[in-house]
Amino acid sequence: MSTSNEEIEIRASIEQWEAAMRTGKVDEIVKYYADNLVAYDAVMKLQFVGKQAYTDHWHACMEFAPHGMIYEARDLVIHTEGSIAFSYNLARCGGYDDQGNEQYSWMRVTRGYRKINGQWLVVHEHFSSPFDMESGKVLFDAKP
């Protein structure tokens with residue numbers, strides 16, 4: 001199966017977003033989001049509506065990772081059709097403690113994209129963690 005130009009473009013923007021996330025540069029992170037983004041992140045709020053609300057959230061997240069972020073995508077799948085696309089993957093996501101030790105968990109990531117003015121932008125993003133229904137506890141130790 002061949003890779004489409006659209007998939008190549010989206011994969012490149014995801015790689016650039018990941019690099020920005022690992023460096024903690026919020027302005028670089030959010031340039032891949034559409035103004036009318038709706039995001040369901042795994043922390044803080046049920047949903048974030050609009051790029052500015054999610055930008056504020058990213059600034060708050062970076063305060064919890066003063067020693068750098070960890071982000072490693074795994075099993076990335078991208079589907080495109082015209083000016084609409086979506087992707088999903090698992091991600092090792094977290095940060096480093098004061099001693100430089102990794103503090104992370106595996107997350108599930110789904111994104112919806114729209115090509116706007118020639119650029120693929122995220123219009124929907126969803127990060128989540130599995131949880132145990134009996135205890136209600138998040139399964140931070142779940143691994144692929």
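Numbering starts at 1 and runs along the sequence shown. What you are looking at is a predicted structure, and each value in this text was computed from that prediction instead of being measured.
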Colleague: Is it true that atom CE of M133 has more than 12 heavy atoms of other residues, nucleotides or ligands lying nearer than 6.0 Å?
Modeller: no
Colleague: Mind listing the closest non-hydrogen atom pair of Q103 and D97 along with its distance?
Modeller: NE2-OD2, 3.5 Å
Colleague: Do you know which two heavy atoms are closest between C93 and M21, and how far apart they sit?
Modeller: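 Looking at all heavy atoms of both residues, the closest pair is SG-CE, 3.6 Å.
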Colleague: Quick one, V43 with C61, criterion side-chain contact (heavy atoms from CB on, under 4.5 Å). Give me CA distance, side-chain angles, the key distance, then yes/no.
Modeller: CA-CA 9 Å; V43 296; C61 286; 4.3 Å; yes
Colleague: What is the ring orientation for Y54 with W58, classed by angle as parallel under 30°, tilted 30 to 60°, or perpendicular over 60°?
Modeller: perpendicular
Colleague: First locate atom OG of S128, then atom NE2 of H126, and finally report the distance between them rounded to the nearest 0.5 Å.
Modeller: 4.0 Å
Colleague: Compare every heavy atom of A34 with every heavy atom of V123, then report the nearest pair and how far apart it is.
Modeller: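 Taking V123 first and A34 second, the nearest heavy atoms are CG1-CB, 3.8 Å.
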Colleague: Hey, can you tell me if W106 and Y104 have their rings parallel, tilted or perpendicular (30° and 60° cut-offs)?
Modeller: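 Plane angle over 60°, so perpendicular.
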Colleague: Give a yes or no on whether V30 and I14 share a hydrophobic cluster (residues Ile, Leu, Val, Met, Phe, Trp, Tyr; joining criterion: side-chain heavy atoms under 4.5 Å apart).
Modeller: yes
Colleague: Write down the atom of G82, the atom of E6, and the distance for their closest heavy-atom approach.
Modeller: O-CG, 4.4 Å
Colleague: Rounded to the nearest 0.5 Å, how far apart are CZ of R92 and CD1 of I70?
Modeller: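 Between atom CZ of R92 and atom CD1 of I70 there are 5.5 Å.
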Colleague: Could you state the interatomic distance from OG (S87) to CH2 (W120), rounded to the nearest 0.5 Å?
Modeller: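 That separation rounds to 11.0 Å.
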Colleague: Could you check whether H124 and Y40 have their ring centres less than 6.0 Å apart?
Modeller: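 When the ring centroids of Y40 and H124 are compared, they turn out to be within the sub-6.0 Å range.
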Colleague: Using a 6.0 Å cut-off, check whether atom CZ of R114 has over 12 heavy atoms from anything other than its own residue.
Modeller: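 Open.
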Colleague: Let me confirm one number: the CG-CD distance from N101 to Q99, rounded to the nearest 0.5 Å.
Modeller: 6.0 Å
Colleague: So, for Y71 and W17, is the gap between ring centers shorter than 6.0 Å?
Modeller: yes
Colleague: Would a single hydrophobic cluster contain both L76 and L121, if residues Ile, Leu, Val, Met, Phe, Trp and Tyr are joined by side-chain heavy-atom contacts under 4.5 Å?
Modeller: no
Colleague: Checking side chain to side chain donor-acceptor pair (under 3.5 Å) between Y33 and each of Q52, R111, E125, K51, which is the one that passes?
Modeller: E125
Colleague: Following the transitive rule for hydrophobic clusters with a side-chain heavy-atom cut-off under 4.5 Å over Ile, Leu, Val, Met, Phe, Trp and Tyr, establish whether M62 and Y96 coincide in one cluster.
Modeller: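 As far as the 4.5 Å side-chain criterion goes, Y96 and M62 are not connected within one cluster.
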Colleague: Does a donor on one side chain sit under 3.5 Å from an acceptor on the other, for E9 and N5?
Modeller: no
Colleague: Carefully, step by step, assess D132 and E134 under the rule side-chain contact (heavy atoms from CB on, under 4.5 Å).
Modeller: CA-CA 6 Å; D132 180 276; E134 288 184 27; 3.4 Å; yes
Colleague: Kindly say whether the aromatic ring centers of Y113 and F86 come within a distance under 6.0 Å.
Modeller: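 No, the ring of Y113 stays outside the 6.0 Å limit from the ring of F86, centre to centre.
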Colleague: Which atom names give the shortest non-hydrogen contact between M44 and A60, and what distance separates them?
Modeller: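 Nearest pair, atom of M44 first, then A60: CE-CB, 3.9 Å.
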Colleague: Could you pull out the closest heavy-atom pair between G118 and K115, with the gap in Å?
Modeller: O-CE, 3.5 Å
Colleague: Between E15 and R11, does any NZ, NE, NH1 or NH2 come within less than 4.0 Å of an OD or OE carboxylate oxygen?
Modeller: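 Salt bridge absent between R11 and E15.
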Colleague: Enter the distance from E72:CD to E18:CD here, rounded to the nearest 0.5 Å.
Modeller: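 These two atoms lie 9.0 Å from each other.
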Colleague: What distance do D41 atom CG and L46 atom CG have between them, rounded to the nearest 0.5 Å?
Modeller: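 Atom-to-atom, D41:CG and L46:CG are 11.5 Å apart.
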Colleague: Following the transitive rule for hydrophobic clusters with a side-chain heavy-atom cut-off under 4.5 Å over Ile, Leu, Val, Met, Phe, Trp and Tyr, establish whether L90 and M69 coincide in one cluster.
Modeller: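 Per the 4.5 Å side-chain linkage, L90 and M69 are not co-clustered.
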